[in-house]
Asker: 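Pasting a structure here, questions to come.
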Amino acid sequence: MARRIDVTGADGVRLAAWEFGDPAKAGAGPEEGTAPDAPGVLLLHGLMGRASHWASTARRLSARHRAVALDQRGHGRSEKPPEGAFTRDAYVDDAEAALEQLGLGPAVLIGHAMGALTAWQLAAKRPDLVRGLVICDMRASALGGASQREWAEWFASWPVPFAALADVRKWFGEDDPWVERPNPARGEFYAEVMAESPDGWRPVFDPDQMLRSRETWVYDAHWEELAQVRCPALVVRGLDGELGRAEAQEMVRVLPRGQYAEVSDAGHLVHYDQPEAWLAAIEPFLDSLDAE
């Protein structure tokens, strides 16, 4: 079960948050749902993602935690203001507002890619709101202008509108030039961010807004904020993901209380490629936080 909760983000942007698990009365046992005083977890998706991408993770965690996933601005069912801010500050302020309005803090933040950067920037800014951090496949180094140009060309190559969801799955899972080998999980990931329109299936987000969002990190490194994170932090990478082992281990070294985990047979979409291995990587870390 996922229950929608509306949140007001920075500049009044309307955000959709989704609480997973069955609400329960205080003192209820696990079989009766999640108690309202259970430790909070906020899950932040990556660029182009949406809260529903965290469904399997959130449902698993909801047995012992109050697990909430946020559709970030420009994504999912949250507002996509044409002239809205898609800056790092805006994304961080939105996550901060969600924690405060939902009463989740101090919470564990679990972020994938862009969501992971938002998570560690918020942890550095508001240590009182964050008791633990999971960083999934996000680099701290700047990616550079060439990366942004490649992404613009990639968006332009999408054969939209797609006639059917099966075409979405096939293109992103097999035909996309960025796919090195068939990847059904990737096809499913992108099928989940499409919506039907009169002429076919199109993304629920605006590609130009995604490029604006991405622009706010590709030109800058974020090691300084990483070093300011005081809570325990776990850096997770897929062996075939975008975060290399050397950089991941340097991130762990820079984090004052950093730990490291990797998931084999997984690419950038670690939690989608290998959901059980992903959970096996993060659950011992979460257990250690709960034991403190």
Side-chain angles (χ1 to χ4, degrees), residues 1-26 28 33-63 65-119 121-123 125-126 128-131 189 192-197 202-206 209-210 212-213 216 271:
M1 169 183 165
R3 177 173 66 100
R4 176 171 172 165
I5 307 171
D6 291 328
V7 171
T8 302
D11 304 323
V13 172
R14 295 187 301 277
L15 305 172
W18 304 86
E19 183 168 359
F20 289 79
D22 297 323
K25 298 179 180 179
T34 306
D37 57 352
V41 173
L42 182 66
L43 300 111
L44 300 171
H45 60 74
L47 189 75
M48 300 180 290
R50 63 188 307 169
S52 59
H53 283 143
W54 288 117
S56 63
T57 298
R59 290 192 183 104
R60 175 83 153 255
L61 298 185
S62 68
H65 303 82
R66 187 181 171 207
V68 178
L70 180 68
D71 273 336
Q72 296 175 80
R73 63 174 54 212
H75 296 75
R77 296 191 184 178
S78 287
E79 192 174 6
K80 304 165 182 65
E83 303 304 321
F86 290 90
T87 62
R88 283 282 86 227
D89 286 345
Y91 280 107
V92 173
D93 290 348
D94 285 348
E96 181 180 4
L99 285 177
E100 292 183 326
Q101 291 171 39
L102 296 168
L104 280 179
V108 177
L109 302 186
I110 300 177
H112 173 247
M114 180 190 75
L117 175 56
T118 299
Q121 289 184 310
L122 179 54
K125 176 187 177 184
R126 290 291 306 273
D128 58 309
L129 286 178
V130 185
R131 70 185 185 95
F189 184 95
E192 204 161 332
V193 295
M194 297 289 162
E196 192 171 16
S197 61
R202 296 178 177 273
V204 298
F205 50 80
D206 180 342
Q209 290 184 351
M210 297 301 97
R212 284 161 56 196
S213 299
T216 64
H271 55 304

Asker: Which residues pass the side chain to side chain donor-acceptor pair (under 3.5 Å) test with Gln209, not counting sequence neighbours?
Answerer: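 Side chain to side chain donor-acceptor pair (under 3.5 Å) check on Gln209 returns nothing, list empty.
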
Asker: Answer yes or no: is there a side-chain heavy-atom contact under 4.5 Å between Val108 and Leu61?
Answerer: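 Heavy-atom side-chain distance check fails, nothing below 4.5 Å.
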
Asker: Shortest non-hydrogen contact from Gly49 to Phe189?
Answerer: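 Here Gly49 and Phe189 meet closest at CA-CZ, 4.3 Å.
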
Asker: Between Val41, Leu104, Leu99, Leu43, which is the residue that forms a side chain to side chain contact (heavy atoms under 4.5 Å, CB included) with Val68?
Answerer: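 Exactly one option meets the side chain to side chain contact (heavy atoms under 4.5 Å, CB included) with Val68, and it is Leu104.
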
Asker: Which atom names give the shortest non-hydrogen contact between Ala98 and Val7, and what distance separates them?
Answerer: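 Smallest interatomic distance, heavy atoms only, reads CA-CG1, 3.8 Å.
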
Asker: When you measure from the side chain of Arg66 to the backbone N and O of Ala107, does any donor-acceptor pair fall under 3.5 Å?
Answerer: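 Here the side-chain-to-backbone pair does not exist.
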
Asker: Within a reach of under 6.0 Å around CZ of Arg77, are more than 12 heavy atoms found that belong to other residues, nucleotides or ligands?
Answerer: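 Not buried by this count: 12 neighbours or fewer within 6.0 Å.
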
Asker: If you compare all heavy atoms of His271 against all heavy atoms of His112, which two are closest, and at what distance to 0.1 Å?
Answerer: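 Looking at all heavy atoms of both residues, the closest pair is CE1-CG, 3.5 Å.
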
Asker: Grab the two heavy atoms, one from Ser78 and one from Ala16, that are nearest each other, plus how far apart they are.
Answerer: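 Looking at all heavy atoms of both residues, the closest pair is OG-N, 2.8 Å.
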
Asker: Do Thr216 and Phe86 come close enough that some side-chain heavy atom pair is under 4.5 Å?
Answerer: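 When only atoms from C-beta onward are counted, Phe86 and Thr216 do not touch, as no gap falls below 4.5 Å.
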
Asker: Could you check whether any side-chain heavy atom of Leu117 comes within less than 4.5 Å of a side-chain heavy atom of Arg88, counting everything from C-beta outward?
Answerer: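 Yes; the side chains approach each other to less than 4.5 Å.
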
Asker: Is there a side-chain contact between His75 and His53, using heavy atoms and a 4.5 Å cut-off?
Answerer: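 Not touching, per the 4.5 Å side-chain cut-off.
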
Asker: Look at the side chain of Arg50 and the backbone N and O of Val193, then say whether any donor-acceptor pair between them is shorter than 3.5 Å.
Answerer: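 Between the backbone of Val193 and the side chain of Arg50 there is no qualifying donor-acceptor contact (under 3.5 Å).
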
Asker: Could you tell me the separation between the CD1 atom of Ile5 and the CD atom of Gln101, rounded to the nearest 0.5 Å?
Answerer: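 Spacing of CD1 (Ile5) from CD (Gln101) equals 10.5 Å.
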
Asker: For Arg4, give me all partners under side chain to side chain donor-acceptor pair (under 3.5 Å), at least two apart in sequence or on another chain.
Answerer: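 Only Asp6 meet the side chain to side chain donor-acceptor pair (under 3.5 Å) criterion with Arg4.
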
Asker: Could I get the full list of salt bridge (charged side-chain N to carboxylate O under 4.0 Å, His left out) partners for Lys80, not counting sequence neighbours?
Answerer: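 Residues passing salt bridge (charged side-chain N to carboxylate O under 4.0 Å, His left out) with Lys80: none at all.
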
Asker: Considering only heavy atoms from C-beta outward, does the side chain of Val92 approach that of Arg126 to under 4.5 Å?
Answerer: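 Side-chain contact under 4.5 Å: no.
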
Asker: So among His45, Gln72, Glu96, which one has a side chain to side chain contact (heavy atoms under 4.5 Å, CB included) with Thr118?
Answerer: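 Among the candidates, only Gln72 passes.
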
Asker: Within the structure provided, determine whether Arg60 and His65 are in side-chain contact (heavy-atom separation under 4.5 Å).
Answerer: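 The answer is no; the side chains never approach within 4.5 Å.
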
Asker: Considering only heavy atoms from C-beta outward, does the side chain of Val13 approach that of Pro81 to under 4.5 Å?
Answerer: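 Answer yes - side chains close enough.
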
Asker: If I take atom CD from residue Glu83 and atom CG from residue Asp11, how far apart are they, to the nearest 0.5 angstrom?
Answerer: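 It comes to 13.0 Å.
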
Asker: Assess the residue pair Asp93 and Arg73 against the criterion (salt bridge (charged side-chain N to carboxylate O under 4.0 Å, His left out)); give the C-alpha distance rounded to whole Å, side-chain angles, the decisive distance to 0.1 Å, and a yes or no.
Answerer: CA-CA 11 Å; Asp93 290 348; Arg73 63 174 54 212; over 6 Å; no

Asker: Does the side chain of Tyr91 come within less than 4.5 Å of Ser213's, by heavy atoms?
Answerer: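 Ser213 reaches Tyr91 side chain to side chain.
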
Asker: What are the two closest heavy atoms between Asp94 and Ala10, and how far apart are they?
Answerer: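 The pair with the smallest heavy-atom distance is OD1-N, 2.7 Å.
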
Asker: Show the nearest heavy-atom pair for residues Gly74 and Phe205, with the distance to one decimal.
Answerer: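 So the minimum-distance heavy-atom pair works out to O-CB, 3.5 Å.
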
